Amino acid sequence: MAVTIKTEREIELMRESCRLLAIVHKEMEEAIKPGMSTKEIDILGDTLIRKMGCIPNFKNYHRYPASICVSVNDEVVHGIPNKHRILQEGDIVSLDAGLIYKGYHSDAARTHGVGKVSPQAQQLMDVTRQCFFEGIKMAKAGNYLFDISNAIDAYATSFGYGIVRDLVGHGIGTALHEDPQIPNFAQKRRGIRLRAGMTLAIEPMINMGAADVVWLDDDWTVVTEDGSLSAHYENTILVTDGEPEILTLY
Ligand code: MF3
Ligand code: CO
């Protein structure tokens, strides 16, 4: 599939889809507290998305059974919400959410601390977020796609963290996953040239230990092989001729 260049009208619809998703994330963040189940977060997010008149795009995507991916501690991504999984003080919890507004998809993820977390966990979350910002500095028309990957890799590697290689960022628009794929680790080639009107989901997934991940028997939950903590930070962005626009920031 070719990489799509969005028209001005499509960009407006992407902006609105992403603006609404930012609100969902804000509400979920404010609700997080020790004692809450991961299922409660999913119900909150799902309810908000539907109240906005939108559709949760993750629900039933390749049979994923929930609207919000909730991944705790060593879970990297795609954790399945569960009423028996209770958040504890000191946990870190990654929330990945997306919605469809008038046919246009948005996608964003954040990792939050539950109550007070260790300085090591806080650093992992901060660095993962900064990986995204290092990456999008490169997301300008005329630059190459893998300039983004290389910038993320250089920053994460400088902290000795493991960069997840089995999952990548992606184009986004009328589908949740469009071309191109966007690795978070350094590439030997330079990739396609970026053009104004591309909308991309850039999503570093960073492990405190080794990069290796495994899939649990539920077929979804991805965990670090060594049991180390993992963080995720994702925004949907618009490439322009100048500075990129981050569409899913609150
Ligand atoms: N944000 C993720 C992604 O970009 C989540 C989608 S997986 C789902 O691929 F199955 F849960 F929808
Ligand atoms: Co994504």
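Counting from 1, the numbers follow the sequence of the chain as shown. Order of listing sets the numbers, starting from 1, for every ligand and every atom in it. Worth saying up front: this structure is predicted, and the values here are computed from it rather than measured. Hydrogens, waters and symmetry mates play no part in the numbers below; they use all other heavy atoms, side chains included.
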Student: Measure the OG1-CG distance between Thr224 and Asp74 for me, rounded to the nearest 0.5 Å.
Tutor: 4.5 Å
Student: Less than 3.5 Å apart, which donor and acceptor atoms pair up between the side chains of residues 201-217 and the rest of the protein, not counting sequence neighbours?
Tutor:
residue, atom, partner, partner atom, Å
Glu203, OE1, His232, NE2, 2.8
Glu203, OE2, His170, NE2, 3.0
Asn207, OD1, Ser230, OG, 2.8
Asn207, ND2, Ala210, O, 2.9
Asn207, ND2, Ala211, O, 3.4

Student: What does the 4.0 Å heavy-atom contact list look like for ligand 1?
Tutor: Phe58, Tyr61, Tyr64, Cys69, His78, Asp96, Asp107, His170, His177, Glu203, Trp220, Glu234
Student: Nearest 0.5 Å please: distance from the NE2 atom of His62 over to the CG atom of Leu176.
Tutor: 8.5 Å
Student: Do any N or O atoms from the side chain of Asp147 and from the backbone of Tyr144 form a donor-acceptor pair under 3.5 angstrom?
Tutor: yes
Student: Can Arg110 and Glu234 be said to form a salt bridge (charged side-chain N to carboxylate O under 4.0 Å, His left out), step by step?
Tutor: CA-CA 7 Å; Arg110 278 104 183 72; Glu234 173 182 31; over 6 Å; no
Student: Centroid-to-centroid, His78 to Tyr61, below 6.0 Å?
Tutor: no
Student: Tell me whether Arg189 forms a cation-pi arrangement with Phe146, defined as NZ or CZ under 6.0 Å from the six-membered ring centre and within 45 degrees of its axis.
Tutor: no
Student: Give every donor-acceptor pair under 3.5 Å between a side-chain atom in residues 19-32 and any protein atom, sequence neighbours left out.
Tutor:
residue, atom, partner, partner atom, Å
Arg19, NE, Glu16, OE1, 3.0
Arg19, NH2, Glu16, OE2, 2.9
His25, NE2, Ala108, O, 2.8

Student: With 2.8 Å as the threshold, which protein atoms of type N, O or S lie near the Co ion (ligand 2)? Leave waters out.
Tutor: Asp107 OD2, His170 NE2, Glu203 OE2, Glu234 OE2
Student: How long is the gap from OG1 on Thr199 to CG on Leu13, to the nearest 0.5 Å?
Tutor: 11.0 Å
